[in-house]
J.: 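Submitted below is the structure of interest, expressed as structure tokens.
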Amino acid sequence: AALGVPTTRALALCASASDVAERPWYSDRTAVDDDFQPVKHGGDVLRRERRAITTRVARSFVRVGSLELFARRLRRTGEPRAGRELEALFRYAYDREGLGPAGAALEDAAVAAATEARGRFASLACHWLRVGYAQSNYNSDNSLVGGATVDYGPFGFVERYDKKWAMWVGSGDHFAFGNALEAARRNWATLVDALRALAGGRGAALDAALRGWPAEARRAELAFAERVERWAATAEGLEVERRQLELLTCGQGWQPASGSGDEARARGDEHGRAGVKTALGSKLAVGDELHVSSTSCRRSRGPSRTPSPR
């Protein structure tokens, strides 16, 4: 939330006094070894931690998968009750999430919700790319209809810029950091498919909405690019860019950056330049304290790297 990313919020944390679990973490050498290459799920050691449950709050917790389930049930059985249940769940999410004009007819509400959700899903994915966040398991069950971050189980922030970075061993490239927009598109398309049962004779409007995804995604990308460029022109932005360039050059076969940002970028490759764009959006990576000199670069990881417990 502090980074400006739409998200559910943590209300309370209940920790076990005795139940523990093992999870990936970072050994001492990773803070000083510039050549350390983390495995895909992050960290190089396992450590034991107490299990905990977080109580989270949001406008609603209706997921794309929730509507998908009821829509499938309606298609399979054709029972009137299944249709009523799908409509009731949709109406609840529509009103709670503000997905369209209040009191709209069901067919119009379905189309309005699909169009509004399209913008929110594209924007959310761009927010994740902006701050270097990898949800790592962004399927329809972990996608809120309202377009906010919800599942903090397998998440993580990229170590070095890597489009294939993910924190869950089963993520595959389809849930990797660089594929956030495509994963968002698939979840949104699943939502549209679930809404067809409610759209009645307005199926053509849903088809038109589907065709509009590329333009929506492009608008979201441009909006965040402009936001980053405005911030990068400030004194704070220029200083952060200098430090991020030095951080990103470590272990990548570059010489540490010096001089202006333009000169430093001129010595880099696509890998580094794209990483800088992500780094600029998030300023400094969460939990990283930068120790930069003219010849070396280290990362010291603090407690803030710990993912929020589920």
J.: For Arg76, give me all partners under side-chain contact (heavy atoms from CB on, under 4.5 Å), at least two apart in sequence or on another chain.
T.: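 Arg73.
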
J.: Check this for me, if you would: do Arg47 and Glu22 make a salt bridge, where the nitrogen-to-carboxylate-oxygen distance has to be below 4.0 angstrom?
T.: no

J.: Under the rule for side-chain contact (heavy atoms from CB on, under 4.5 Å), what residues qualify as partners of Arg196, not counting sequence neighbours?
T.: Asp193, Leu206, Asp207, Leu210

J.: Show the nearest heavy-atom pair for residues Ala112 and Gly100, with the distance to one decimal.
T.: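 Result for this residue pair: CB-CA, 4.3 Å.
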
J.: With a 3.5 Å cut-off and sequence neighbours excluded, list the donor-acceptor pairs that the side chains of residues 82-89 form with protein atoms.
T.:
from: Glu85; atom 1: OE2; to: Arg81; atom 2: NE; distance (Å): 3.0

J.: Looking at Asp151, is its backbone amide N or carbonyl O close enough to the side chain of Gln135 to form a donor-acceptor pair, meaning the two atoms are under 3.5 Å apart?
T.: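 Yes, the answer is positive, given that a donor and an acceptor are paired below the 3.5 Å cut-off.
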
J.: A side-chain contact here means heavy atoms from C-beta on lying under 4.5 Å apart; do Lys163 and Asn179 qualify?
T.: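 Side chain of Lys163 against side chain of Asn179, heavy atoms only: no contact under 4.5 Å found.
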
J.: Out of Asn187, Asn137, Val64, which residue meets the side-chain contact (heavy atoms from CB on, under 4.5 Å) rule with Asn142?
T.: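 Among Asn187, Asn137, Val64, the one meeting side-chain contact (heavy atoms from CB on, under 4.5 Å) with Asn142 is Asn137.
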
J.: Do side-chain atoms of Ser16 reach the backbone of Ser18 as a donor and acceptor pair under 3.5 angstrom?
T.: yes

J.: Please collect all salt bridge (charged side-chain N to carboxylate O under 4.0 Å, His left out) contacts where either partner lies in residues 5-20, sequence neighbours excluded, each pair once.
T.: Asp19-Arg51

J.: Residues two or more places apart in sequence or in another chain: which of them pass salt bridge (charged side-chain N to carboxylate O under 4.0 Å, His left out) with Arg230?
T.: none

J.: Should Tyr92 and Leu198 be counted in the same cluster of Ile, Leu, Val, Met, Phe, Trp and Tyr side chains packed under 4.5 Å apart?
T.: yes

J.: What pairs with Phe224 under ring-ring contact (aromatic ring centres under 6.0 Å, His included), at least two apart in sequence or on another chain?
T.: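 Here the qualifying residues are His127.
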
J.: Under the salt bridge (charged side-chain N to carboxylate O under 4.0 Å, His left out) test, which residues partner Glu182, sequence neighbours left out?
T.: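 Per chain and number, Glu182 pairs via salt bridge (charged side-chain N to carboxylate O under 4.0 Å, His left out) with Arg185, Arg186.
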
J.: Would you say the side-chain atoms of Trp188 pair up with the backbone N or O of Gly119, donor to acceptor, closer than 3.5 Å?
T.: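 No, Trp188 side chain to Gly119 backbone: no donor-acceptor pair under 3.5 Å.
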
J.: State, yes or no, whether a side-chain contact exists between Leu46 and Arg23 at a heavy-atom distance under 4.5 Å.
T.: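 A side-chain contact under 4.5 Å is absent here.
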
J.: Linking Ile, Leu, Val, Met, Phe, Trp and Tyr by side-chain heavy atoms under 4.5 Å, what else ends up with Leu144?
T.: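 Same cluster as Leu144: Phe61, Val150.
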
J.: Can you measure from CG (Leu67) to CG (Leu191) and round to the nearest 0.5 angstrom?
T.: 6.5 Å

J.: Same cluster for Leu222 and Val131 if Ile/Leu/Val/Met/Phe/Trp/Tyr side chains link at under 4.5 Å?
T.: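 No, Leu222 does not connect to Val131 through the hydrophobic network.
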
J.: Which heavy atom of Leu195 sits nearest to which heavy atom of Ala110, and what is that distance?
T.: CD1-O, 3.6 Å

J.: Tell me if a side-chain donor or acceptor on Tyr138 pairs with a main-chain N or O of Ala176 at a distance below 3.5 Å.
T.: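 Not at all, since once roles are kept as given, no pair shorter than 3.5 Å links the two residues.
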
J.: Shortest non-hydrogen contact from Ala109 to Arg91?
T.: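 Closest approach of Ala109 to Arg91, heavy atoms only: CB-NH1, 4.0 Å.
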
J.: Going by side-chain contact (heavy atoms from CB on, under 4.5 Å), name the residues that satisfy it together with Thr55, two or more places apart in sequence or in a different chain.
T.: Leu11, Ala12

J.: Using the test salt bridge (charged side-chain N to carboxylate O under 4.0 Å, His left out), find all partners of Arg219 that sit at least two apart in sequence or belong to another chain.
T.: Glu216

J.: Counting the benzene-type ring for Trp, do Phe177 and Trp128 have ring centres under 6.0 Å apart?
T.: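 Centroid separation for Phe177 and Trp128: 6.0 Å or greater.
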
J.: Would a single hydrophobic cluster contain both Ile53 and Val20, if residues Ile, Leu, Val, Met, Phe, Trp and Tyr are joined by side-chain heavy-atom contacts under 4.5 Å?
T.: no

J.: Answer yes or no: is there a donor N or O on one side and an acceptor on the other, between the side chain of Arg130 and the main chain of Leu3, under 3.5 Å?
T.: yes

J.: Please tell me whether Val192 and Trp213 are part of a single hydrophobic cluster in this structure, the criterion being side-chain heavy atoms less than 4.5 Å apart.
T.: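 Both belong to a single hydrophobic cluster.
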
J.: Could you tell me whether the side chain of Arg120 reaches within less than 4.5 Å of the side chain of Leu99, counting heavy atoms only?
T.: yes

J.: Could you work out, with side-chain contact (heavy atoms from CB on, under 4.5 Å) as the rule, every residue matching Asp141, not counting sequence neighbours?
T.: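 Counting only residues at least two positions away or on another chain, Asp141 forms a side-chain contact (heavy atoms from CB on, under 4.5 Å) with Arg63, Asn139.
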
J.: Measure the acute angle between the ring planes of Phe157 and Phe155, then classify it against the limits of 30° and 60° as parallel, tilted or perpendicular.
T.: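 Perpendicular.
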
J.: Closest approach of Ser143 and Phe121, non-hydrogen atoms and distance?
T.: OG-CE2, 3.4 Å

J.: My understanding is that only residues two or more places apart in sequence, or in another chain, count here; which of them pass salt bridge (charged side-chain N to carboxylate O under 4.0 Å, His left out) with Arg96?
T.: none

J.: Between Glu68 and Thr190, does a side chain to side chain donor-acceptor pair (under 3.5 Å) hold up when you go through it step by step?
T.: CA-CA 7 Å; Glu68 179 187 15; Thr190 299; 5.0 Å; no

J.: Would you call the rings of Tyr152 and Tyr133 parallel, tilted or perpendicular, taking 30° and 60° as the class edges?
T.: perpendicular

J.: Given side chains that start at C-beta, do those of Thr149 and Thr8 come closer than 4.5 Å, heavy atoms only?
T.: no

J.: So do Leu129 and Glu221 actually touch side chain to side chain, heavy atoms under 4.5 Å?
T.: no

J.: How close do Leu238 and Ala233 get, heavy atom to heavy atom, and via which atoms?
T.: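 For Leu238 versus Ala233, the nearest heavy atoms are CD1-O, 4.3 Å.
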
J.: Would Val5 end up clustered with Val145 when hydrophobic side chains under 4.5 Å apart are linked, directly or stepwise?
T.: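 Cluster IDs for Val5 and Val145 match.
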
J.: Minimum heavy-atom separation for Ala148 to Leu124, with atom names?
T.: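 Closest pair (atom of Ala148, atom of Leu124, distance): C-CD2, 3.9 Å.
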
J.: With no hydrogens and no angle check, just 3.5 Å: does a side-chain donor-acceptor pair link Glu97 and Ser60?
T.: yes

J.: Answer whether the closest heavy-atom distance between the side chains of Glu79 and Leu74 falls below 4.5 Å.
T.: no

J.: Within a strict 4.5 Å, meaning less than it, do heavy atoms of the Asp95 and Phe90 side chains meet?
T.: no

